[in-house]
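Below is one structure, written out as structure tokens; the observations come after it.
Because the structure is a prediction, the values reported are computed rather than measured. Here, residue 1 is the first one in the sequence, and each next residue gets the next number. FYI, side chains are in, hydrogens and waters are out, and symmetry mates aren't considered; it's all heavy atoms of this structure. In each ligand, atom 1 is the first atom listed, and ligand 1 is the first ligand listed.
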Amino acid sequence: MNQAVPSSPCLELENVSISYFSNVAVRGVHMQIPRHQVTAFIGPSGCGKSTVLRALNRMNDLIDGCSLQGRVIFDGHDMYSSAVDPVEVRRRIGMVFQKPNPFPKSIYENIAFGARINGYSGDMDELVERSLRKAALWDETKDKLAESGYALSGGQQQRLCIARTIAVEPEVILMDEPCSALDPISTLKIEEMIHELKNSYTIVIVTHNMQQAVRVSDMTGFFNVNSFEDTDAKVGCLEEFADTETIFNAPRQQATQDYVSGRFG
Ligand code: ADP
């Protein structure tokens, strides 16, 4: 935790607001997400954590009525400029969801399928092994690669989904509450894996579990709902963003202090 932040951020949000049709879900988010670190988003339900996460790889483009204002900069370029192909963005910035969602295919094909679609022409056996190893799943699956992904436990399925994401060689992995459907032991395995993965990838994770944020993340963004003068509706916002130690031990905002100490609401 609390490593020095490299000078050039991997992802940058500049005054980002996101709406679903005319309802503003989250407003005025500024944030610099450091490279090769783990950034956690915490905060009460409905304050826009998943919405902002999905903005980081243009996944919100697929949601009817969802629109974004402001800029999201990835590696120095505006990710939402018309010259950018959203499919390529999603290859470079992969996503793992709350519920494990393997393809109805063999363990091997779960990995090979996306890589093949993305034009991978190297040694597929080697890629499958490498991806499963990185997701800490190789030892448990090496003798049953032809079996269905559905035959695995929930925790293994989630690691398979992470292996599948890794196989297309992304630079960033977004995780939306990846452990919320898992038991404590499977959760621990994923958390250990996240520690390993940050050597190779930038990771952003939404978690409702504050202890998990403390265990896995270097930086934490606390999202909250706020009232604004120009609207009656409560709107999500980024209340505070800092290194995880500061957020949990010495936050600047009273609302952050109340939330992390359990006095929220
Ligand atoms: P969190 O992840 O913090 O729980 P969300 O990003 O899921 O918050 O939601 C933020 C707000 O946006 C909520 O008011 C929610 O109802 C709304 N919202 C989220 N997804 C959609 C959607 N697909 N269509 C319409 N409104 C949505």
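Among all non-hydrogen protein atoms, the one lying nearest atom 7 (O) of ligand 1 is Ser50 CB, 4.0 Å. Among protein heavy atoms, the minimum distance from atom 5 (P) of ligand 1 is reached at Thr51 OG1, 3.6 Å. Ile63 CG2, 3.6 Å is the protein heavy atom nearest to atom 23 (N) of ligand 1. Among protein heavy atoms, atom 3 (O) of ligand 1 sits closest to Lys49 NZ, 2.8 Å.
Using a 4.0 Å cut-off between heavy atoms, Cys66 makes no contact with ligand 1 at all. Neither the backbone nor the side chain of Glu177 comes within contact range of ligand 1; no heavy atom lies under 4.0 Å.
Near Pro44, meaning under 4.0 Å from one of its heavy atoms, ligand 1 places the atoms 3 (O). The Ser45 neighbourhood of ligand 1 comprises atoms 4 (O), with distances under 4.0 Å to a heavy atom of that residue. Of all atoms in ligand 1, numbered sequentially from 1 with element shown, those under 4.0 Å from a heavy atom of Cys47 are 1 (P), 3 (O), 8 (O). Near Arg54, with a cut-off below 4.0 Å to any heavy atom, the atoms of ligand 1 are 20 (N). Atoms of ligand 1 found under 4.0 Å from any heavy atom of Ala25 (numbered from 1 in listed order, with element): 11 (C), 12 (O).
Distances from atom 18 (N) of ligand 1 to the heavy atoms of Phe223, Phe21, Tyr20 show the closest one on Tyr20.
At least one heavy atom of Gly48 sits closer than 4.0 Å to an atom of ligand 1. Taking 4.0 Å as the cut-off, Gly46 counts as a neighbour of ligand 1 on heavy-atom distance.
For Ser19 (side chain) and Ser22 (main-chain N/O), no donor-acceptor pair under 3.5 Å exists by modelled atom type. With Arg58 contributing its side chain and Met79 its backbone, the two residues share a donor-acceptor pair below 3.5 Å. The closest donor-acceptor contact from the side chain of Arg91 to the backbone of Asn118 lies at 3.5 Å or more, if one exists at all. In terms of modelled atom types and a separation under 3.5 Å, the side chain of Thr256 and the main chain of Pro251 share no donor-acceptor contact.
Relative to the six-membered ring of Phe103, Arg164 meets both conditions, a distance below 6.0 Å and an angle of at most 45° to the axis.
By the definition of a contact as any protein heavy atom under 4.0 Å away, atom 15 (C) of ligand 1 is not in contact.
Under a cut-off of 6.0 angstrom, the local environment of CD in Gln69 is sparse, with at most 12 non-hydrogen atoms contributed by other residues, nucleotides or ligands. In the displayed structure, Lys142 atom NZ is contacted under 6.0 Å by more than 12 heavy atoms of other residues, nucleotides or ligands.
Smallest separation of non-hydrogen atoms from Asn110 and Lys105: ND2-O, 3.3 Å.
The six-membered or imidazole ring of Phe41 lies near that of Phe223, with a centre-to-centre distance under 6.0 Å.
Between Glu196 and Arg133, none of the side-chain N atoms (NZ, or NE/NH1/NH2) sits under 4.0 Å from a carboxylate O, so this pair counts as no salt bridge.
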